[in-house]
Amino acid sequence: MEDTVLLATMAGLLLALGAFSGVLAGLLGVGGGIILVPAFFYVFSGLGYASPELMQICLGTSLATIIVTSLRSLSAHSKKGAVDWSILKGWGIGIAIGAAIGMLVASTLRSEVLQAIFGVLAAMVGIYMAFGREKWRLGAEMPKGILRAVLSPVIGFLSVLMGIGGGSFGVPTMSLFNVPIHRAVATAAGFGVIIAVPSVIGFLLVDIAMVPPFTIGAVNFLAFALVVTMTLITAPWGAALAHRMDAKPLKRIFGGFLILVALNMLRKALGW
């Protein structure tokens, strides 16, 4: 009876989480992973599944959802001709290599370390969202050669350590190098697929002792199924809202919220 109640509670929380993350992703253009990872952590730990490897489950499960949502987004953007395939081809191999390395590193780290990494990187993303300016530029076109060879694996590596797709690091990078924002968002969906596929394959092979029900390796399939179902339903709602209101001040508010989430993650990582 207790197991049934626990599963029902877990399912209800995950459905609500998927619905919320879908609306925010559609409204603000942020990847669901940056919302899902801390939410998964609080849901699973609150239900009694806290362990030294819990963050690995949060990262692996978040990245599994990103495969589905990024493919759907990439397909939709591609039909509108918004994806820059030359950027995907040029940056894809480096991003995939960085993602694979990120998965291998994440699989060896304890939850506290991954929490600290997430906290620091999420704070940086939050600061950019809250205070960044669309007119900021580092160059007139996307880098090639050595700079691309350095930046592309870094995007994949850091994204996996946070359990996120291509939006949080890919969109700012492309925007800073003069790629129009709509094309950057569309192309970043492709980054998400390239990041998530190799890393999820690796996370499925990770051996973790204490896991929630329906978990293989470091991917919880109950959370994956429920969150993806709700995200696919509610993301268009958020996108529709975005066309009816100015999302810029909302992005700044969410940036501030993300900074608070990041600081709370850091607090927990430090045991305060």
Side-chain angles (χ1 to χ4, degrees), residues 10-41 43-44 56-80 82-83 85 88 92 95-96 99-100 102-103 106 155-156 159-171 184-206 211-240 242:
M10 182 176 171
L13 289 171
L14 291 170
L15 284 170
L17 170 60
F20 178 67
S21 65
V23 170
L24 276 183
L27 178 61
L28 301 178
V30 297
I34 208 161
I35 304 162
L36 292 175
V37 169
F40 282 152
F41 183 84
V43 168
F44 290 142
Q56 293 174 11
I57 298 172
C58 299
L59 299 180
T61 305
S62 172
L63 287 162
T65 69
I66 286 166
I67 294 176
V68 177
T69 55
S70 291
L71 280 172
R72 185 174 184 267
S73 178
L74 182 65
S75 175
H77 286 301
S78 179
K79 290 177 181 176
K80 296 179 180 178
V83 179
W85 293 102
L88 276 184
I95 289 173
M103 179 271 143
I155 289 173
S159 296
V160 170
L161 289 185
M162 288 188 72
I164 62 177
S168 294
F169 293 115
V171 171
V185 170
T187 307
F191 284 9
V193 178
I194 295 168
I195 290 164
V197 170
S199 56
V200 168
I201 292 172
F203 275 120
L204 285 169
L205 302 175
V206 172
V211 297
F214 305 105
T215 300
I216 298 176
V219 179
N220 183 270
F221 279 86
L222 176 61
F224 163 77
L226 293 176
V227 166
V228 163
T229 299
M230 294 307 297
T231 299
L232 293 179
I233 293 172
T234 60
W237 300 353

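This chain uses plain numbering: 1 for the first residue, then up along the sequence.
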Using atom types as modelled, flag every donor-acceptor pair under 3.5 Å from a side chain in residues 186-198 to any protein atom, sequence neighbours excluded.
| residue | atom | partner | partner atom | Å |
| --- | --- | --- | --- | --- |
| Thr187 | OG1 | Asp84 | N | 3.0 |
| Thr187 | OG1 | Arg183 | O | 2.7 |

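Between the Gln56 side chain and the Ala106 main chain, a donor and an acceptor come within less than 3.5 Å of each other. Side-chain atoms of Thr231 come within 3.5 Å of backbone atoms of Val227 as a donor-acceptor pair (strictly under, hydrogens ignored). Thr61 places a side-chain N or O within 3.5 Å of a backbone atom of Asn220 that can act as its donor or acceptor partner. Between the side chain of Ser159 and the main chain of Gly156, no donor-acceptor pair closer than 3.5 Å is present.
For Ala225, the side chain to side chain contact (heavy atoms under 4.5 Å, CB included) test picks out no residue, with sequence neighbours left out. The side chain to side chain contact (heavy atoms under 4.5 Å, CB included) check on Ala64 picks up Val200, Val219, Phe224, with sequence neighbours excluded.
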Let me see the working for Phe169 and Ile95 under side chain to side chain contact (heavy atoms under 4.5 Å, CB included), right down to the final yes or no. CA-CA 11 Å; Phe169 293 115; Ile95 289 173; over 6 Å; no
Met103/Ile201 under side chain to side chain contact (heavy atoms under 4.5 Å, CB included): CA gap, chis, key distance, verdict: CA-CA 9 Å; Met103 179 271 143; Ile201 292 172; over 6 Å; no
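Taking every heavy atom of both residues into account, Ile57 and Pro212 meet most closely at CD1-CD, 3.8 Å. In this structure, Met162 and Val37 approach most closely via the heavy-atom pair O-CG2, 3.2 Å. Minimum interatomic distance between Gly33 and Ser62 (heavy atoms only, all atoms of both residues): CA-OG, 3.3 Å. Leu17 and Ala39 get closest at one heavy-atom pair: CD1-CB, 3.2 Å. The heavy-atom pair separating Gly163 from Ile66 by the smallest distance is O-CD1, 3.6 Å. For the pair Ile34 and Ile164, the tightest heavy-atom approach, listed with the atom from each and the gap, is N-CG2, 3.4 Å.
Atom CD1 of Ile216 is separated from atom CG of Leu205 by 10.5 Å, given to the nearest 0.5 angstrom. Atom CG of Leu88 and atom CG of Leu74 lie 7.0 Å apart (nearest 0.5 Å). Interatomic distance, Leu14 CG to Thr229 OG1, rounded to the nearest 0.5 Å: 11.0 Å. Between Leu226 atom CG and Thr65 atom OG1 the span is 12.0 Å, to the nearest 0.5 Å.
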